[in-house]
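Contents: one structure, followed by commentary.
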Amino acid sequence: MTARKTAVVVLAAGKGTRMKSSLPKVLHPIAGRAMVHHVLHAAAGLSPERTLVVLGKGMEPVARAVAPALVAVQDPPLGTGHAVLAAAEALDGFDGDVVVVFADTPLVTLDTFRAMLDRRRAEDDPAIVVLGFRPANPGAYGRLVVKKGKLKRIVEAKDADEDERAIGLCNAGLMVIDGRHALDLLRAIGCENANGEYYLTDIVAIARERGLDAAVVEAAEDEVMGVNSRAELARAEAVWQARRRLHFMDEGVTLTDPATVFFSADTVLGRDVTIGPNVVFGPGVSIEDGVRIDAFCHIEGAHVASGARIGPFARLRPGADIGEDAHIGNFVEIKKSVIGKGAKANHLAYIGDARVGAQANIGAGTITCNYDGFNKHLTEIGEGAFIGSNSSLVAPVKIGDGALVGAGSTITSDVDADAIAVTRAPQKALPQGAAKFRARNARKVKG
Ligand code: UD1
Ligand code: MG
């Protein structure tokens, strides 16, 4: 068989009123990625020839978010069948396979899309393949009426009789339609039903009347769950996270307590990475092989090179670039800074807008004073430099290679390589001062 082309139509015109949000439903994120992008991302794995997102009126933010995917506006929304027809122009003359997906069904995997396409292209050549599942509670889902192994029709719960409602096999909503018939079949859909809507699901019975076949591919309930409310959004997040944890463990990552680690959709982890309990990955993180991240770290927009150790209780913010074998310890915050190979900031520090050389040592309580209320300034710390505890480095400032900053210093001018800089006030010593002080106070208490 010659390679057939694929077109993807994503339905997203529904209002999503149950989210009670000013953000369009399909832009609500799961693992930091908008639901509609999860769907587009999975579908992109099919290398579709064209992708079209069907939106409602006034959904410009979604149109901007999905660019460069093409957008069609369905106004007013008269049902799922009507929604696919909003893409008619893009499908005109298309003779490949049309994959219809819902933007609020974000957990469907590429494997499932592939299984549906394979079934569509099998020898018995069904014109339509429907994704089915067996939910614990079939409730309002459309029911798949299968007879002698063939899908006869889909009946919406509202329109179903008692026998049909007893069917456990339900419609997940996704469909693959042979593009050679798609527009003819879609145009034949009417709206004589309980809702007065154009049901995409009616396409199955219409196809059969015309002597075409329909088939079912089944998926797990977790994979096809729809998101209509915040509670369902949280459930989808939980399902996604559980899936991702297993994926990373399969890829050679150790998670001490998997249920407490949260990833973003774009998190990249190497092999032999070990992650302790309660670690959160925001967007844009990549971690190389052999890194250890101890408990209670928050990491976002950061890169960590192999062999580094992070945490416990460390915060890596956007632009943190941690070098090989570096150590970033407890209550250390790093923002937009490059930390050289083997450098250490082990306790209580803020490093922002800085470049720290290899093997440098940043003492406890070191702060880069990077912000003057208007602009951010750079702090440069040379290779092998040693910054004593509780030092403030007022940027812009440069500490040379091998230089030493005495504890408690406030550094406002550059320090030469191998120099010592110390700004501490001289220490006073009062012999017997403490004893005298105590005696004085003891008399007061008695007196
Ligand atoms: C649909 C199916 C039902 C299935 C269920 C699975 C139909 C008629 N019914 O019902 O068999 O069990 O999904 O979740 O298809 N949309 C538009 N324009 C419209 C209407 C909907 O773009 O005019 C979009 C929505 O944004 C959503 C998707 O289509 O992404 C599904 O619409 P929804 O109203 O949720 O369909 P269900 O009633 O859940
Ligand atoms: Mg729905």
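Each residue takes its place number in the sequence, starting with 1. If you're wondering where the values come from, they're calculated on a predicted model, not measured in any experiment. First listed ligand is number 1; within each ligand, the first listed atom is number 1.
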Within 4.0 Å of some non-hydrogen atom of Y199, the atoms of ligand 1 are 8 (C)

Hey, does A12 sit under 4.0 Å from ligand 1 if you only count heavy atoms?
-> yes

Answer yes or no for R315 and F296: cation-pi contact, defined as NZ/CZ to six-membered ring centre under 6.0 Å and angle to ring axis within 45°.
-> no

Check whether any N or O atom of F102, backbone or side chain, sits under 3.5 Å from an N or O atom of ligand 1, and answer yes or no.
-> no

To which of D104, I154, V227 does the heavy atom nearest atom 27 (C) of ligand 1 belong?
-> D104

For atom 15 (O) of ligand 1, state whether the nearest protein heavy atom is under 4.0 Å away.
-> yes

Going by the order shown, which atoms of ligand 1 are within less than 4.0 Å of some heavy atom of G142?
-> 3 (C), 4 (C), 11 (O), 12 (O)

Kindly write out the residues that satisfy side-chain contact (heavy atoms from CB on, under 4.5 Å) with D321, not counting sequence neighbours, or none if the list is empty.
-> H303, V338

For D97, the option from R121, R119, R50 that meets salt bridge (charged side-chain N to carboxylate O under 4.0 Å, His left out) = R121

So the atoms of ligand 1 within less than 4.0 Å of a heavy atom of L78 turn out to be 23 (O)

Is ligand 1 less than 4.0 angstrom away from at least one heavy atom of C170?
-> no

So which of L186, V130, N171, L85 actually passes side-chain contact (heavy atoms from CB on, under 4.5 Å) with L200?
-> L186

Consider ligand 1: state whether an atom of it lies below 4.0 angstrom from any non-hydrogen atom of V54.
-> no

Test item: side-chain donor near acceptor, N228 and K25, under 3.5 Å | yes

Counting only heavy atoms on the protein side, is anything nearer than 4.0 Å to atom 9 (N) of ligand 1?
-> yes

Proximal ligand 1 atoms for A83, defined as those under 4.0 Å from one of its heavy atoms | 17 (C), 18 (N), 22 (O)

Within the structure, does A140 bring an N/O atom to less than 3.5 angstrom of an N/O atom in ligand 1?
-> no

Determine whether the side chain, the backbone, both or neither of E156 has a heavy atom under 4.0 Å from any heavy atom of ligand 1.
-> side chain

R134 side chain to A220 main-chain N or O, any donor-acceptor pair under 3.5 Å?
-> no

What are the atoms of ligand 1, with element, lying closer than 4.0 Å to any heavy atom of T80?
-> 7 (C), 8 (C), 15 (O), 20 (C), 21 (C), 29 (O), 31 (C), 32 (O)

Taken to the nearest 0.5 Å, the spacing of H28 NE2 from E232 CD works out to 13.0 Å

Closer than 4.0 Å: a protein non-hydrogen atom to atom 37 (P) of ligand 1 = no

Judging by distance only, is a nitrogen or oxygen of L11 under 3.5 angstrom from one on ligand 1?
-> yes

Step-by-step side-chain hydrogen bond (donor to acceptor under 3.5 Å, both in side chains) determination, E49 to T6 | CA-CA 6 Å; E49 194 207 56; T6 307; over 6 Å; no

Contact between Q74 and ligand 1, counting heavy atoms under 4.0 Å?
-> yes

Heavy atoms of the protein only: does one fall short of 4.0 Å from atom 33 (P) of ligand 1?
-> no

Any donor-acceptor N or O pair under 3.5 Å, side chains K158, N195 = yes

Where do H377 and D372 land on the side-chain hydrogen bond (donor to acceptor under 3.5 Å, both in side chains) test, with the steps shown first?
-> CA-CA 8 Å; H377 301 283; D372 57 14; 2.8 Å; yes

For the ring pair F248 and F263, is the centre-to-centre distance below 6.0 Å?
-> yes

Is atom 22 (O) of ligand 1 less than 4.0 angstrom from some protein heavy atom?
-> yes

